[in-house]
Number of protein chains: 2
Amino acid sequence: MGDKRTSSGFLLKQRAFLKLYMITMTEQDRLYGLKLLDALRDEFRPFGYKPNHSEVYKALHDLIEDGVLQQVKRKKEGMKLQEVVYYRFPDGGYEKAQLYKRQLKVELERCESMIKKAIRDNYGYVESATNP
Amino acid sequence: MGDKRTSSGFLLKQRAFLKLYMITMTEQDRLYGLKLLDALRDEFRPFGYKPNHSEVYKALHDLIEDGVLQQVKRKKEGMKLQEVVYYRFPDGGYEKAQLYKRQLKVELERCESMIKKAIRDNYGYVESATNP
DNA sequence: CGATGAACAGCATGTTCATCC
DNA sequence: GGATGAACATGCTGTTCATCG
């Protein structure tokens, strides 16, 4: 309630997309902000998607507000003794993360369906399972 | 050049999506604005996507500016003699439309790939080709 | 009330600036 | 220069208002 504005329900927003990746990346390697960004840029370079640092930070801050992530300031390994911000799940955060991931899965599949439909509708494809 | 702002290259925008549908719908049935909207809403209801009338009009106006569509004001069939705006391709418009469609196909496939990748990356799916 | 538009408003996101090491 | 943030600017898009028949 209290929403001033409703979404028309088109494709998912970049922010949500990034939050999902932040969670999964936290489950796997422990990384800090800019490294997460680098990793994502590498992954999506072939797709022409190049997120900027602000969006990544905002996604991380969102997750902190949601109680999904927690900051851990540590010295960067080797090099100079610069402090960087790593992330981990606080108490109950992992469960919230899994819930979020479940929701995003539904959302991603919805988007995939919509895009497939658009390809079908506009280019007359009929997903042949028996193509030579 | 002259772009004040660059896209990070995330998913395609609703406007482009609608423009594509407007073109295809113009190739098929001749419809006017609000009927196009109704048709789209019907099609995408199962997906929870409900475009609003402004976006549809803006998409149509964009296509007119692009020289892809042309307005044809006609009396609405039956009923009262209210004038509605139908659309057709002006000279050279059909070719421009086909070009746009070709571009959007690439874009839609790019988005599909990104979404599939996200599902793989975050849920560890491996597209089984042998599912019952 | 249906249809078409345009003005307006709010939110998503890209760019720039500030601070610290 | 790398890293983190916040402020600022722009643009996409949803809501509202105006006009016409």
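Chain identifiers are assigned alphabetically (A, B, ...) following the order of the sequence lines, protein sequences preceding nucleic acid strands; residue numbering begins at 1 within each chain. Just so it is clear, the values below take in all heavy atoms, side chains as well, and ignore hydrogens, waters and symmetry mates. Small disclaimer: the values here were computed from a predicted structure and weren't measured.
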message = Could you measure the distance from the CD1 atom of B:I23 to the CG atom of A:N122? Nearest 0.5 Å is fine.
response =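 Spacing of CD1 (B:I23) from CG (A:N122) equals 8.5 Å.
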
Salt-bridge present ([X], [Y]; N to O < 4.0 Å):
| X | Y | value |
| --- | --- | --- |
| B:D42 | B:R45 | yes |
| B:D62 | B:R15 | yes |
| B:E27 | B:K101 | yes |

Could you check how far [atom1] of [X] sits from [atom2] of [N], rounded to whole Å?
| X | N | atom1 | atom2 | result |
| --- | --- | --- | --- | --- |
| A:R41 | D:dA3 | CZ | C1' | 13 Å |
| B:L40 | D:dT13 | CG | P | 14 Å |
| B:L31 | C:dG2 | CG | P | 18 Å |
| A:L11 | D:dG14 | CG | P | 11 Å |
| A:K73 | D:dG5 | NZ | C1' | 10 Å |
| A:F10 | D:dG11 | CZ | P | 20 Å |
| B:K35 | C:dT4 | NZ | C1' | 14 Å |
| A:E65 | D:dA6 | CD | C1' | 14 Å |

message = Over all strands shown, is B:Y87 touching base, sugar-phosphate only, or nothing at heavy-atom distances under 4.0 angstrom?
response =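 Contact class for B:Y87: sugar-phosphate only.
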
inquiry  = With a 3.5 Å distance limit and no angle check, can you tell me whether B:N52 reaches the backbone of B:E55 through a side-chain donor-acceptor pair?
reply    =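 Side chain of B:N52 to backbone of B:E55, a donor-acceptor pair under 3.5 Å: yes, one is there.
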
request  = Using atom types as modelled and distance alone, determine if a side-chain donor or acceptor of A:Y100 lies under 3.5 Å from a backbone N or O of A:L20.
outcome  =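 Judged by distance alone, no pair lies under 3.5 Å.
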
Worked check of side-chain contact (heavy atoms from CB on, under 4.5 Å) between B:Y57 and B:L34 = CA-CA 9 Å; B:Y57 282 125; B:L34 279 201; 3.6 Å; yes

Please confirm whether the shortest side-chain N or O distance from [X] to OP1 or OP2 of [N] is below 4.0 Å.
| X | N | answer |
| --- | --- | --- |
| A:Q14 | C:dG14 | yes |
| B:T6 | C:dG14 | no |
| A:Y57 | D:dA6 | no |
| B:Y32 | C:dT4 | no |
| B:Q71 | C:dG5 | yes |

key: Aromatic B:F44 / basic A:K117 pairing, under 6.0 angstrom, 45° off normal   =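 Positive - A:K117 is close enough to the ring of B:F44 and near enough to its axis.
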
Kindly indicate whether the side chain of [X] and the base of [N] share any N or O donor-acceptor pair separated by less than 3.5 Å?
| X | N | result |
| --- | --- | --- |
| B:K13 | D:dG11 | no |
| A:K58 | C:dG14 | yes |
| A:R5 | D:dT15 | no |

query = Between A:G33 and A:G9, who's closer to the 5' end of DNA chain D by nearest nucleotide?
reply =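 Its nearest nucleotide lies further toward 5', so the answer is A:G33.
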
task = Compute the bend angle of the helix from C:dC1-D:dG21 to C:dC21-D:dG1 from the end axes (five pairs per end), rounded to 10°.
result =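 What I find for the helix from C:dC1-D:dG21 to C:dC21-D:dG1 is an axis angle of 30°.
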
message = Below 4.0 angstrom, which residues in residues 43-55 of chain B have at least one non-hydrogen atom near DNA chain D?
response =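 Per residue number, the list reads B:N52, B:H53, B:S54, B:E55.
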
task = Give me the ring orientation class for A:F10 and B:Y49: parallel if the planes are under 30° apart, tilted from 30 to 60°, perpendicular past 60°.
result =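 Tilted.
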
request  = Would you please test A:L18 and A:L36 for side-chain contact (heavy atoms from CB on, under 4.5 Å) and show each step?
outcome  = CA-CA 10 Å; A:L18 290 177; A:L36 292 166; over 6 Å; no

